[in-house]
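Because the structure is predicted, anything quoted here is derived from the model rather than measured.
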Amino acid sequence: MTAKILLIANNFPPVRGGSAVVYDNMARVAGAAVDVLASRVSYLDGTFLIGWREHDRRAPYTVRRLRLLRTILPTDAPTGWARLRLMAADVAIRARLLASILLMTRREHYAAICLGELLASGWMIRVLRRLLWVRVIWYVHDEESTTRDVYDPGKRRCRAI
């Protein structure tokens, strides 16, 4: 029996771009040894990803989709009640994501979990290692550590991980 890996990726086809292509190729090469957890909705603007069902039907690997794996990016720095609403939405998404990962890992007995985004998924590193006693690895593109965002302009999250 081949050890399986769960790949968790926000940028995954039908999203276009470098990281989505890389994650798709990783899963294609590994075939049945990789399962993918991705979203149905774009975190950039909150719209449904066009063509995700068609992509998943044709994929030579298993894809499970949640609505979102992270909060939708705000267009400006949230303050007051907007910040609290964003934080509450983030907690709900994280709880659903964590529950899905725990159920999938219990069913599939993954040898490792690969996180495809450091900033939005980095919180899972310590949690999954403690809860599942499974190897947690991450594959990160450089733009995550160099691009400024309105939510965390000081890169506090990068330094914390």
Side-chain angles (χ1 to χ4, degrees), residues 3-15 17 19-24 26-27 30 32-53 55-57 59 61-75 78 82-141 143-145 147 149-152 155-161:
K4 289 181 78 172
I5 295 173
L6 175 61
L7 170 61
I8 302 169
N10 284 298
N11 288 317
F12 196 77
V15 171
S19 58
V21 170
V22 169
Y23 300 139
D24 182 52
M26 288 168 56
V34 169
D35 289 346
V36 176
L37 182 58
S39 66
R40 296 185 304 264
V41 172
S42 170
Y43 69 88
L44 297 175
D45 59 12
T47 60
F48 276 91
L49 298 173
I50 297 169
W52 67 267
R53 285 183 188 92
H55 169 272
D56 295 356
R57 274 195 294 268
Y61 46 82
T62 301
V63 183
R64 177 156 169 11
R65 302 259 180 180
L66 297 178
R67 184 174 181 278
L68 286 165
L69 303 184
R70 59 172 292 175
T71 53
I72 297 169
L73 292 179
T75 55
R83 185 167 175 84
L84 287 175
R85 280 193 301 275
L86 185 66
M87 292 169 66
D90 191 44
V91 168
I93 290 168
R94 287 181 181 199
R96 170 99 194 250
L97 176 58
L98 185 58
S100 296
I101 293 168
L102 294 173
L103 287 171
M104 291 173 71
T105 303
R106 182 176 176 200
R107 184 176 50 244
E108 298 295 332
H109 306 285
Y110 295 115
I113 297 174
C114 179
L115 304 175
E117 189 176 16
L118 181 60
L119 296 182
S121 302
W123 65 271
M124 288 189 275
I125 296 168
R126 290 183 191 97
V127 173
L128 293 174
R129 284 181 178 161
R130 287 189 178 120
L131 288 178
L132 297 174
W133 294 86
V134 66
R135 182 176 301 232
V136 179
I137 55 177
W138 59 94
Y139 182 89
V140 181
H141 287 261
E143 70 267 8
E144 282 195 89
S145 57
T147 304
D149 63 50
V150 295
Y151 187 74
D152 187 14
K155 294 294 185 192
R156 184 184 92 264
R157 293 178 297 161
C158 283
R159 290 191 306 273
I161 298 169

Next item on the list: To the nearest 0.5 Å, tell me how far Leu102 CG sits from Leu132 CG.
Entry: 5.0 Å

Check: With a 4.5 Å heavy-atom cut-off, do Met124 and Ile101 have their side chains touching?
Finding: yes

Next item on the list: Report the distance from atom OG of Ser39 to atom CZ of Arg65, rounding to the nearest 0.5 Å.
Entry: 6.5 Å

Note to self: How long is the straight-line distance from CD1 of Ile137 back to CG of Leu7, given to the nearest 0.5 Å?
What the structure shows: 9.0 Å

Notebook entry, point to check: Can you name the nearest heavy-atom pair linking Pro14 to Ile50, along with the distance?
Noted result: CG-O, 3.3 Å

Notebook entry, point to check: Do Leu128 and Thr105 have side chains that get closer than 4.5 Å, going by heavy atoms?
Noted result: no

Next item on the list: Spell out, as yes or no, whether a donor-acceptor pair under 3.5 Å connects the side chain of Arg129 to the backbone of Val136.
Entry: yes

Checklist line | Taking every non-hydrogen atom, the tightest pair across Glu117 and Tyr23 | finding: N-OH, 4.5 Å

Next item on the list: List the atom of Ile93, the atom of Leu68, and the distance in Å for their closest heavy-atom pair.
Entry: CG2-O, 3.7 Å

Check: How far apart are the closest heavy atoms of Arg64 and Ser100, and which atoms are they?
Finding: NH2-OG, 3.9 Å

Notebook entry, point to check: To the nearest 0.5 Å, how far apart are CZ in Phe12 and CZ in Arg40?
Noted result: 15.0 Å

Checklist line | Side-chain heavy atoms of Thr62 within contact of Glu108, under 4.5 Å | finding: no

Note to self: Taking Lys4 first and then Asp35, would you say they form a salt bridge - that is, a charged N and a carboxylate O separated by under 4.0 Å?
What the structure shows: yes

Next item on the list: Give the intermediate values and the outcome of side chain to side chain contact (heavy atoms under 4.5 Å, CB included) for residues Leu6 and Val134.
Entry: CA-CA 11 Å; Leu6 175 61; Val134 66; over 6 Å; no

Next item on the list: Flag the pair Tyr43 / Asn11 as yes when at least one side-chain heavy-atom distance between them is below 4.5 Å, and no otherwise.
Entry: yes

Notebook entry, point to check: Considering all heavy atoms of both residues, which atom of Pro13 and which atom of Ala20 are nearest to each other, and what is their separation?
Noted result: CD-O, 3.4 Å

Next item on the list: Look at atom CZ of Arg53 and say whether more than 12 heavy atoms of other residues, nucleotides or ligands are closer to it than 6.0 Å.
Entry: no

Margin query: Show the nearest heavy-atom pair for residues Met104 and Tyr110, with the distance to one decimal.
Written below: O-CE1, 3.5 Å

Item checked: Side chain to side chain, Val34 and Met26, heavy atoms closer than 4.5 Å -> no

Note to self: Is any side-chain heavy atom of Leu97 closer than 4.5 Å to one of Trp123?
What the structure shows: yes

Next item on the list: Using the side chain to side chain contact (heavy atoms under 4.5 Å, CB included) rule, take Ser19 and Asn10 through it: C-alpha gap first, then chi angles, then the decisive distance, then the call.
Entry: CA-CA 9 Å; Ser19 58; Asn10 284 298; over 6 Å; no

Check: With distance as the sole criterion, is a donor-acceptor pair present between the side chains of Tyr61 and Asp24 under 3.5 Å?
Finding: yes

Checklist line | Within 6.0 angstrom of Arg135 CZ, more than 12 heavy atoms from elsewhere | finding: no

